[in-house]
Amino acid sequence: MTGFILFRNAVLRVLRHLDEALAVSGLIWIGILIIQILSFGAVDMEGLEAGDPAAVSGNGLMLLFIANLAMVIGSCWIAVEWHCYAIEGKRPTSAFPSWNGKRILSYFFLSILIGIGIGMAVGLFAGVLFSLFGTMLSQSIGGLFLIVVIGLPAVFLFLRISPVLPAVALGNKLSFGEAWNATKPHSASIFQAAILSIAALIVVQFIAPVFGSGIVGLLYELAVGWLLLMVNVSLLSSIYELSLKGQLHD
């Protein structure tokens with residue numbers, strides 16, 4: 001098993017089951033799209049990027065908060081439903097995905113916990129790196145490579161303990177230690193998959209300026225964001241299957 005096969009399995013799972021992917025996520029993502037467009041219209045994005053405090057009014061700030069919250073909760077909702085389909089084959093039974101509040105909120109808070117833990121570890125690593133090499137490092141290797149140097153360990157650590165998330169989505173319990181031990185035999189493949197995940201993100205970010213920072217750029221970000229979400233959730237499902245069940249499904 002190679003990381004390429006693991007990542008390809010995640011991508012093909014979305015493409016081969018596009019109808020189910022849209023059924024699971026379509027209406028939720030449309031709702032997110034509407035909220036994002038409304039908040040986009042209420043905020044002076046150029047002023048915000050320039051650091052102008054007046055770029056966001058009181059109502060705009062509230063809309064921005066709601067938009068971000070909707071994005072996070074909606075993504076967790078989609079992730080839980082897609083894990084259930086990808087791993088257990090539970091197909092959507094209606095046009096609107098079912099709401100399982102306990103699992104979705106558990107997924108949400110567990111994601112935050114993982115993010116904080118990995119953020120602290122990677123932040124410590126980055127602090128040591130910059131304290132040793134400082135400006136010389138950023139000037140010699142460039143910002144893009146710095147993203148890889150700092151981001152790759154973060155993504156790898158996340159993927160190594162990621163089976164806890166599909167487990168929560170399925171209503172099971174899995175500790176971080178159990179997830180780490182289960183993924184240990186597949187560390188090399190997971191590391192390769194982490195490299196491919198970062199490469200895909202870099203490509204997306206590289207193309208983004210072509211669409212500008214207006215409404216077209218926002219639509220591009222939302223469309224690509226949906227695809228990246230589905231592929232990444234599929235990747236977590238694939239790692240769960242490989243580590244806990246010993247095989248991958250299409």
Side-chain angles (χ1 to χ4, degrees), residues 6-41 43 45 63-87 90-100 103-105 107-108 111-112 114-115 151 155 158-159 162 165-166 168-169 193-194 196-240 250:
L6 192 61
F7 191 78
R8 183 186 65 179
N9 178 267
V11 174
L12 292 180
R13 180 170 287 178
V14 176
L15 298 180
R16 288 172 176 168
H17 305 281
L18 192 57
D19 290 347
E20 286 80 5
L22 291 173
V24 163
S25 63
L27 290 179
I28 298 174
W29 205 254
I30 289 173
I32 292 173
L33 171 66
I34 293 171
I35 295 173
Q36 289 284 342
I37 291 174
L38 289 175
S39 65
F40 183 87
V43 176
M45 298 305 295
L63 274 174
L64 203 58
F65 171 77
I66 293 173
N68 289 327
L69 183 63
M71 175 69 78
V72 174
I73 296 295
S75 297
C76 290
W77 188 356
I78 292 169
V80 169
E81 288 298 304
W82 189 242
H83 283 312
C84 291
Y85 170 74
I87 299 172
K90 292 183 178 179
R91 296 178 178 274
T93 56
S94 63
F96 205 79
S98 59
W99 169 265
N100 190 317
R103 295 186 185 183
I104 292 169
L105 292 178
Y107 198 99
F108 170 67
S111 298
I112 291 177
I114 293 173
V155 175
F158 171 71
L159 293 180
S162 65
L165 291 173
V168 164
L196 293 173
S197 296
I198 290 179
L201 182 60
I202 290 174
V203 170
V204 167
Q205 294 298 324
F206 182 77
I207 296 174
V210 174
F211 297 90
S213 59
I215 189 68
V216 175
L218 175 64
L219 292 175
Y220 167 79
E221 289 180 6
L222 289 169
V224 173
W226 174 84
L227 183 60
L228 289 176
L229 172 65
M230 299 306 295
V231 169
N232 286 329
V233 173
S234 293
L235 180 59
L236 301 191
S237 298
S238 297
I239 292 173
Y240 179 91
D250 295 332

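To the nearest 0.5 angstrom, E221 atom CD is 7.5 Å from Q205 atom CD. Rounding to the nearest 0.5 Å places OG of S75 at 11.5 Å from CD1 of I104. Rounding to the nearest 0.5 Å places CD1 of I239 at 4.5 Å from CG of L159. To the nearest 0.5 Å, atom CG of residue N232 and atom CG of residue L227 are 9.0 Å apart. One finds the CG atom of L27 at 10.0 Å from the CG atom of L22 (value rounded to the nearest 0.5 Å).
Residue pairs meeting the side chain to side chain donor-acceptor pair (under 3.5 Å) criterion with at least one partner in residues 22-32, sequence neighbours excluded, are S25-W226. Counting only residues at least two apart or in different chains, side chain to side chain donor-acceptor pair (under 3.5 Å) contacts with residues 76-85 comprise H17-Y85, E81-S98, W82-S234, H83-Y107, H83-S237.
Contact of the V72 side chain with the N68 side chain is not registered, since no non-hydrogen atoms from C-beta on lie closer than 4.5 Å. Two residues are said to be in side-chain contact when any heavy atoms from C-beta on lie closer than 4.5 Å; V80 and W99 fail this criterion. Side-chain contact check for M230 versus I78: some heavy-atom pair is nearer than 4.5 Å. Two residues are said to be in side-chain contact when any heavy atoms from C-beta on lie closer than 4.5 Å; L165 and V168 fail this criterion.
Closest approach of L228 and L201 over heavy atoms only: CD1-CD1, 4.2 Å. Shortest non-hydrogen contact noted between L33 and L222 is CD1-CD1, 3.0 Å. Taking all atoms of both residues into account, the shortest heavy-atom contact from V204 to Y220 is O-OH, 3.1 Å. Considering all non-hydrogen atoms of both residues, C84 and R103 come closest at SG-NH1, 4.2 Å.
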